[in-house]
Every structure is written in structure tokens, then in C-alpha cells.
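One structure below.
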Amino acid sequence: MHRNSVTGAVAVLVLGQMAYGLAFVVPEVLDEVSPLELSLGRYLVYGGLSVAVLAMLAPARRRTLNGRAWRAASVLGLAGNTGYYLLVVLGVRYAGAPVTTLIVGALPVTLAIAGSRAGGIRPRSLVLPLSMTVTGLILVNADALLSAPDTGGSVAIGIAAAVAALAAWTGFGLANARFLARHPDLDLTAWTSALGVTSMAWALPALAFVGRSSTALEQPVAFLAGALALGAVSSWAATAAWNRAASRIPVSLAGQLVVIETVSGITYSYLHRATTPSTAVLAGGALLVAGALVAVRSSTSGRSAEQGQPPGHRRDAVAGADDADRGVAQVG
């Protein structure tokens with residue numbers, strides 16, 4: 001994999017993670033809208049936009065979505081979108097936001113470790129950036145953890161849900177990259193839209209739980225703006241960026257760059273509150289960014305960069321995947 005290929009993919013992924021970060025602040029801005037309705041708005045917009053994009057694509061590009069692709073999209077749409085988000089909501093409800101954020105925030109670590117055997121990054125090169133990531137996560141969440149409210153006797157349920165969410169998105173990241181590698185002719189725009197359509201399908205049953213006293217109807221303009229931001233930017237555009245990057249760089253590197261989502265979300269949140277973060281949060285954020293930079297440097301100067309592989313080849317991202325890696329999700 002050439003250095004320019006890695007750099008370009010990293011730039012796309014960073015922009016995508018900045019878009020993902022909106023998911024942290026939109027619920028905070030629309031705090032009077034129920035999480036269920038905001039989630040529904042997000043996935044209805046994501047799915048509706050995906051249907052429109054598929055309709056505008058050339059028939060040849062749509063035909064790359066065969067039956068196997070749609071089955072894979074159904075599984076991954078649940079694991080990486082609606083199912084994942086439901087588990088996060090349960091984690092926040094029963095264990096509190098600080099604990100859930102810390103557990104789910106370990107995603108860069110789990111993706112890097114699980115994807116390290118896929119090639120492209122030497123295991124030893126993960127030690128420094130992952131140590132910086134773990135330390136940064138602890139510092140960023142320290143104040144919230146110390147002041148976390150008592151959520152009652154169901155904390156174990158919340159922790160279990162948060163761990164399940166972490167496992168779900170780790171599996172999504174690995175399985176999605178592997179599927180793209182095994183199907184190099186798959187149109188990435190069509191694939192992103194297929195994930196949106198299936199995510200919407202999984203979310204539709206939740207409409208039955210929206211009562212007549214809808215909180216979204218109390219501020220429809222703000223709700224629509226939030227749903228558009230979450231569905232079009234934080235879902236469709238961010239997923240498109242992830243897919244393009246995951247088809248070009250190792251999952252272990254892409255996973256470590258997920259910290260940009262955390263840093264972006266925290267930044268948006270403090271800007272919305274018009275407050276200054278504590279020294280611990282600033283130090284933690286700096287460590288997260290520094291860890292990501294170290295990971296990128298290790299990748300561009302490591303063994304894979306020296307092999308002279310042609311850039312943009314999807315199989316570079318998951319070359320060498322073995323039976324243990326396949327155990328995550330057999331969707332390909």
C-alpha cells in the first residue's frame with residue numbers, strides 16, 4: 001500500500017469521524033425530544049436518502065447489489081446501526097452515560113487488536129498508540145465517572161448492554177471490511193445506501209412505540225434539522241467515508257482513528273455549552289489525537305508501505321484474514 005493511498009484514505013476517514021461526532025451533540029441540543037423519536041428520525045432520514053441515492057444510480061451500479069450483498073447489509077445494518085444504537089441507549093439508561101461512554105469508547109482498542117492479524121500493521125506498533133488511547137479515554141471521562149449519578153441496582157444490565165454494543169460495532173467493522181475485500185466490484189455508494197435501507201427497515205417497528213404525545217411535534221423544525229444532521233451527515237456521509245477508507249487501509253488503523261469521533265463529539269458539546277473543558281479533558285483529547293497520529297505514522301512507515309502493493313486495492317485492507325477473524329460474522 002503506497003503512502004499516498006494511506007494518506008488519502010486517512011483524510012477521508014477523519015472527515016467521516018468528524019461527521020459521526022455530531023451524534024454526540026445533536027441529542028444534547030434536542031434534549032426535550034425523546035431518544036426513541038430522535039433515533040427513528042435519524043434512521044428514517046438515512047434510509048429515505050439511501051432509497052433516493054439508489055434510484056439515481058446507474059442500473060449497472062445498482063446491479064452490484066446482488067442477493068448476497070443485501071443479506072450482508074441486513075446483518076451489518078443491525079449490528080452497526082440500529083442494534084448498536086439500541087444497546088447504547090440501554091447502557092446509558094441502566095449504567096449511566098459516563099460508564100457507557102467509557103466502555104463504547106474502547107472501540108479503537110478492540111478494532112485495532114481484532115484487526116491486527118489482518119495485515120498492514122505490526123502488532124508491536126500498536127502498543128504505543130493504544131496505550132495513549134486508553135489513557136486519553138480515562139482522562140476524558142474521569143470527571144463524568146467521578147460525578148456519575150447512582151442508577152440503581154440495574155447497573156450490571158447497563159454494563160452488559162454497553163459491552164454488547166462494543167462487540168457489535170467491532171464485529172461490524174471487521175465483517176464490513178472483509179465483505180468489501182471479497183467483493184471488489186461492489187459499488188461503494190450503492191453499498192452505503194444498502195446499509196441505510198436495511199437500517200431503516202430494522203428501525204420501522206419502533207414506530208409502534210411512538211405515542212400521540214410526540215415530543216418531536218412540540219418543536220418540529222428543530223427535530224427535522226436534527227434528524228437531517230444525524231441521518232444525512234452523521235449516518236450516510238459518515239458511513240460512506242468509513243466504507244471508502246475501510247476498502248483501502250487495514251481495519252487496525254481505521255479502528256484507531258475512531259478516536260477522532262470522540263474528540264469531535266466532545267469539542268462540539270463544549271462549543272454548544274459555551275464552556276471550557278477541564279485540564280483532564282484537554283490532556284485526554286490531546287493524547288487521543290496524538291495516539292491517532294502515531295498510528296498513522298506507524299502504518300505509512302511500516303512493513304505494508306514497504307511492500308509496494310498497488311494503491312486502492314480492497315484486499316490490502318484485510319489481506320491475511322484467518323479463521324479467527326472469520327468468526328466475527330460470516331456475511332460474505
Side-chain angles (χ1 to χ4, degrees), residues 15-54 73-93 97 100-101 104-105 107 161-162 164-166 168-169 172-173 176 189 191-211 213-243 258 260-262 264-266 268-269 272:
L15 290 175
Q17 293 305 303
M18 292 174 67
Y20 271 132
L22 289 173
F24 284 79
V25 70
V26 171
E28 189 174 284
V29 174
L30 300 177
D31 58 346
E32 295 183 3
V33 178
S34 74
L36 174 62
E37 290 177 296
L38 196 55
S39 301
L40 275 172
R42 173 181 186 172
Y43 290 115
L44 288 175
V45 170
Y46 182 19
L49 176 59
S50 297
V51 170
V53 170
L54 285 174
S74 296
V75 175
L76 294 177
L78 177 63
N81 289 320
T82 46
Y84 164 78
Y85 194 74
L86 173 62
L87 289 168
V88 169
V89 170
L90 290 174
V92 171
R93 176 165 185 176
T100 302
T101 301
V104 176
L107 182 60
L166 176 63
W169 219 96
F172 167 82
N176 183 61
T189 300
W191 175 244
T192 297
S193 298
L195 290 172
V197 171
T198 57
S199 297
M200 178 177 65
W202 283 112
L204 285 176
L207 285 171
F209 298 96
V210 178
S213 57
S214 170
T215 57
L217 295 179
E218 297 175 3
Q219 40 184 333
V221 176
F223 170 74
L224 180 59
L228 287 171
L230 290 173
V233 181
S234 191
S235 292
W236 198 97
T239 302
W242 175 268
N243 286 333
V258 172
I260 302 300
E261 174 187 355
T262 303
S264 298
I266 292 171
Y268 302 153
S269 181
H272 169 248

Can you tell me how far [atom2] of [Y] sits from [atom1] of [X], rounded to the nearest 0.5 angstrom?
X: T239; Y: N81; atom1: OG1; atom2: CG; result: 5.5 Å
X: T192; Y: N243; atom1: OG1; atom2: CG; result: 4.0 Å
X: E261; Y: L22; atom1: CD; atom2: CG; result: 10.0 Å
X: Y85; Y: L90; atom1: OH; atom2: CG; result: 11.5 Å

Assess the residue pair L15 and Y20 against the criterion (side chain to side chain contact (heavy atoms under 4.5 Å, CB included)); give the C-alpha distance rounded to whole Å, side-chain angles, the decisive distance to 0.1 Å, and a yes or no.
CA-CA 9 Å; L15 290 175; Y20 271 132; over 6 Å; no
May I ask you to test the [X]-[Y] pair for a side-chain heavy-atom distance under 4.5 Å?
X: L44; Y: L204; result: yes
X: V75; Y: F172; result: no
X: F223; Y: E32; result: no
X: E28; Y: Y268; result: no
X: W236; Y: V45; result: no
X: T82; Y: T198; result: no

I'd like to know whether L78 forms a side chain to side chain contact (heavy atoms under 4.5 Å, CB included) with Y84, so could you lay out the CA-CA distance, the side-chain angles of the two residues, the decisive distance to 0.1 Å, and finally the verdict.
CA-CA 7 Å; L78 177 63; Y84 164 78; over 6 Å; no
By side-chain hydrogen bond (donor to acceptor under 3.5 Å, both in side chains), W242 pairs with (sequence neighbours left out) none
Side-chain donor/acceptor of [X] to backbone N/O of [Y], under 3.5 Å:
X: S199; Y: L195; value: yes
X: S234; Y: A19; value: yes
X: Y46; Y: L228; value: no
X: T215; Y: S34; value: yes

So which heavy atom on [X] is nearest to which on [Y], and how close?
X: V53; Y: S193; answer: CG1-OG, 3.4 Å
X: A165; Y: V104; answer: CB-CG2, 4.4 Å
X: P27; Y: L38; answer: CA-CD2, 3.7 Å
X: S50; Y: G196; answer: OG-CA, 3.4 Å
X: A23; Y: R42; answer: CB-NH1, 4.0 Å
X: L36; Y: A206; answer: CD1-CB, 3.8 Å

Show, in sequence, the C-alpha distance, side-chain angles and deciding distance for S74 and W202, and conclude whether the side-chain hydrogen bond (donor to acceptor under 3.5 Å, both in side chains) test is met. CA-CA 8 Å; S74 296; W202 283 112; 5.3 Å; no
* Asked: Going through the distances and angles, do Q17 and S264 end up as a side-chain hydrogen bond (donor to acceptor under 3.5 Å, both in side chains)?
  -> CA-CA 8 Å; Q17 293 305 303; S264 298; over 6 Å; no
task: Show your working on side chain to side chain contact (heavy atoms under 4.5 Å, CB included) between I266 and F24 and close with a plain yes or no.
output: CA-CA 7 Å; I266 292 171; F24 284 79; 5.7 Å; no
